[in-house]
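Structure, as structure tokens:
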Amino acid sequence: MPELPEVETTRRGIEPHILDREITRVVVREKKLRWPVPVKLPSLVSGQQVLSVKRRAKYLLIDLGTGTLMIHLGMSGSLRIVAASLRAEKHDHVDFELQGGNVLRYRDPRKFGSILWIDREIGQHPLLVNLGPEPLTEDFSSDYLYALSRKRKAPVKSFIMDSHVVVGVGNIYANEALFRAGIRPTRQAGTISKVKYQLLVATIKEILAQAIKVGGTTLRDFTGGNGEPGYFKQSLAVYGRGGEPCVSCNKPLKEIRQGQRSTVYCTGCQR
DNA sequence: AAATCTCCCTGTAGGC
DNA sequence: TGCCTACAGGGAGATT
């Protein structure tokens, strides 16, 4: 389940293979993703050169000059560089064939991802225009988060997972950041002190930066641009560890559901 | 405005 | 080659 570090890892993995290169042909085997793959995608993309490979939130933005490919990996999506001779397997939905014999291959078993074509100013796109700041920029500060949290009654975990508040904090990292900051996920966002938010913001930045550094977390079906798994999973303190002892105080970790998402925390260390 | 709910999909885990 | 069911999850869009 790609979170922001995995998406950034993918971006860095594919960039050197596609930047300045021409996409010679596009093969769409399955167009039924989160939104339909545009029917005209092959004709729009074929013959265009990749001008840049960027990311906003969990969207990968591949600028082709005449427009931008906006790709989301959903929960099970991946983009890999493979040899054109490598046969497509089940769930390999779209191929972007590159000048030189390689293919940028999109796979997504659960089809929660998307491949869209944006032919206007990218920042104005409705999917991007209302997003909160990137977590690893100065715009995401404790002053910002504290001010925004006032009078918010939603649980702090839902609050930091809201993409209008800050992007890229998915379920895994929300659980981990709240544990490390010693904040109980069920606390109303508006009741948490400025000092705690300073700690939380620093922790979120630290965790995401660390995860990017080691190449993203690998859970189930994610692999990086080269097909190499990341290594962050080893350092997860609470996610997926409900009932197991807290790494800090040994109490069994509590697991609950918040908004259809699994939350794990320590009743001793998080208050 | 903010909070909550619903839905898309299929591999995996667990029960038997 | 065991079969069946519940569950997981990103996040947009609808609903309250």
Side-chain angles (χ1 to χ4, degrees), chain A residues 1-11 29-37 55-61 70-79 89-94 106-116 118 124-135 145-177 185-192 204 208 211 216-223 229 232-233 236 238-244 255-264:
Chain A
M1 45 210 77
E3 298 222 27
L4 185 137
E6 287 84 348
V7 178
E8 178 61 22
T9 298
T10 295
R11 191 196 69 75
R29 300 184 193 82
E30 171 64 85
K31 60 183 177 186
K32 221 182 79 177
L33 302 181
R34 176 74 161 85
W35 292 287
V37 177
R55 178 188 59 74
R56 174 71 174 109
K58 294 177 186 172
Y59 290 98
L60 287 164
L61 305 171
M70 186 159 81
I71 300 178
H72 199 290
L73 301 178
M75 337 180 0
S76 59
S78 65
L79 274 172
E89 295 178 26
K90 191 179 182 183
H91 307 308
D92 286 341
H93 304 317
V94 179
Y106 179 87
R107 171 183 296 192
D108 187 2
R110 297 187 194 176
K111 302 180 187 172
F112 276 22
S114 55
I115 299 179
L116 299 173
I118 312 304
Q124 303 308 308
H125 192 276
L127 290 172
L128 302 181
V129 74
N130 290 319
L131 291 176
E134 289 287 326
L145 196 62
Y146 176 77
L148 194 60
S149 71
R150 295 306 92 182
K151 296 184 180 175
R152 291 286 190 116
K153 293 185 175 170
V156 62
K157 179 169 175 254
S158 308
F159 180 62
I160 60 172
M161 287 181 68
D162 183 344
S163 62
H164 301 103
V165 174
V166 57
V167 302
V169 182
N171 197 37
I172 298 174
Y173 296 106
N175 275 295
E176 295 301 314
T186 51
R187 284 273 302 278
Q188 289 186 359
T191 69
I192 292 171
I204 289 171
L208 292 177
T217 308
T218 298
L219 292 171
R220 301 200 176 93
D221 27 34
F222 175 77
T223 56
F232 191 72
K233 187 179 181 182
L236 296 179
V238 289
Y239 183 82
R241 297 193 63 243
E244 295 177 40
E255 178 153 15
I256 61 171
R257 312 272 314 160
Q258 286 182 300
Q260 317 296 343
R261 296 293 179 266
S262 152
T263 295
V264 186

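First the proteins, then the strands, lettered A, B, ... as listed; each starts at 1.
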Checklist entry - What integer distance in Å separates Glu89(A):CD from dG11(B):C1'? => result 15 Å
Item to check | Spacing of Leu33(A) atom CG relative to dG9(C) atom P, expressed in whole Å | outcome: 21 Å
Item to check | Length of the line joining Arg110(A):CZ and dA6(C):C1', which is rounded to integer Å | outcome: 13 Å
Next on the checklist: So is the aromatic ring of Phe112(A) stacked onto the base of dC8(B), judging by whether the centres are under 5.5 Å apart and the planes are under 30° apart?
Outcome noted: yes
Checklist outcome for this item: Considering only heavy side-chain atoms of His91(A), the closest of dA8(C), dT10(B), dG11(C) is dT10(B)
Item to check | Length of the CG-P vector between Asn171(A) and dC7(C), whole Å | outcome: 16 Å
Next on the checklist: Under the rule for salt bridge (charged side-chain N to carboxylate O under 4.0 Å, His left out), what residues qualify as partners of Arg241(A), not counting sequence neighbours?
Outcome noted: Glu244(A)
Item to check | Distance-minimising heavy-atom pair for Glu30(A) and Lys32(A) | outcome: OE2-N, 2.9 Å
Contacts under 3.5 Å, N or O only, protein and nucleotides 2-5 of chain B:
| from | atom 1 | to | atom 2 | distance (Å) |
| --- | --- | --- | --- | --- |
| dA3(B) | OP1 | Lys153(A) | N | 2.6 |
| dA3(B) | OP1 | Ala154(A) | N | 3.0 |
| dA3(B) | OP2 | Arg152(A) | NH1 | 3.1 |

Item to check | Listed partners of Arg187(A) passing salt bridge (charged side-chain N to carboxylate O under 4.0 Å, His left out), at least two apart | outcome: none
Next on the checklist: Please report the distance, rounded to the nearest Å, between OH in Tyr106(A) and P in dC9(B).
Outcome noted: 13 Å
Checklist entry - Under the side chain to side chain donor-acceptor pair (under 3.5 Å) test, which residues partner Tyr59(A), sequence neighbours left out? => result none
Checklist outcome for this item: Residues passing the side chain to side chain donor-acceptor pair (under 3.5 Å) test with Thr186(A), sequence neighbours excluded, are none
Item to check | Spacing of Asn175(A) atom CG relative to dG9(C) atom C1', expressed in whole Å | outcome: 12 Å
Item to check | Those residues that, when tested against Arg107(A), pass side chain to side chain donor-acceptor pair (under 3.5 Å) (two or more places apart) | outcome: Asp92(A)
Item to check | Bend angle of the helix from dA2(B)-dT16(C) to dC16(B)-dG2(C), end axes from five pairs each (to 10°) | outcome: 50°
Item to check | Residues forming a salt bridge (charged side-chain N to carboxylate O under 4.0 Å, His left out) with Arg11(A), sequence neighbours excluded | outcome: Glu8(A), Glu15(A)
Next on the checklist: Run the side chain to side chain contact (heavy atoms under 4.5 Å, CB included) test against Lys157(A) and tell me which residues pass, sequence neighbours left out.
Outcome noted: Met161(A), Asn171(A), Ala174(A), Asn175(A), Leu178(A), Pro185(A), Gln258(A), Arg261(A), Thr263(A)
Next on the checklist: Test of understanding: with side chain to side chain donor-acceptor pair (under 3.5 Å), list the residues that count as partners of Arg152(A), not counting sequence neighbours.
Outcome noted: none
Detail all sub-3.5 Å separations between protein N/O atoms and N/O atoms belonging to nucleotides 12-16 of chain C.
| from | atom 1 | to | atom 2 | distance (Å) |
| --- | --- | --- | --- | --- |
| dA12(C) | OP1 | Tyr59(A) | OH | 3.0 |
| dA12(C) | O4' | Arg34(A) | NH2 | 2.6 |

Checklist entry - Please give, in whole Å, the distance from dG9(C) C1' to Met75(A) CE? => result 4 Å
Checklist outcome for this item: With sequence neighbours left out, the residues meeting side chain to side chain contact (heavy atoms under 4.5 Å, CB included) with Lys153(A) are Gln188(A)
Item to check | Closest nucleotide among dG11(C), dT10(B), dA8(C) to the Arg261(A) side chain | outcome: dG11(C)
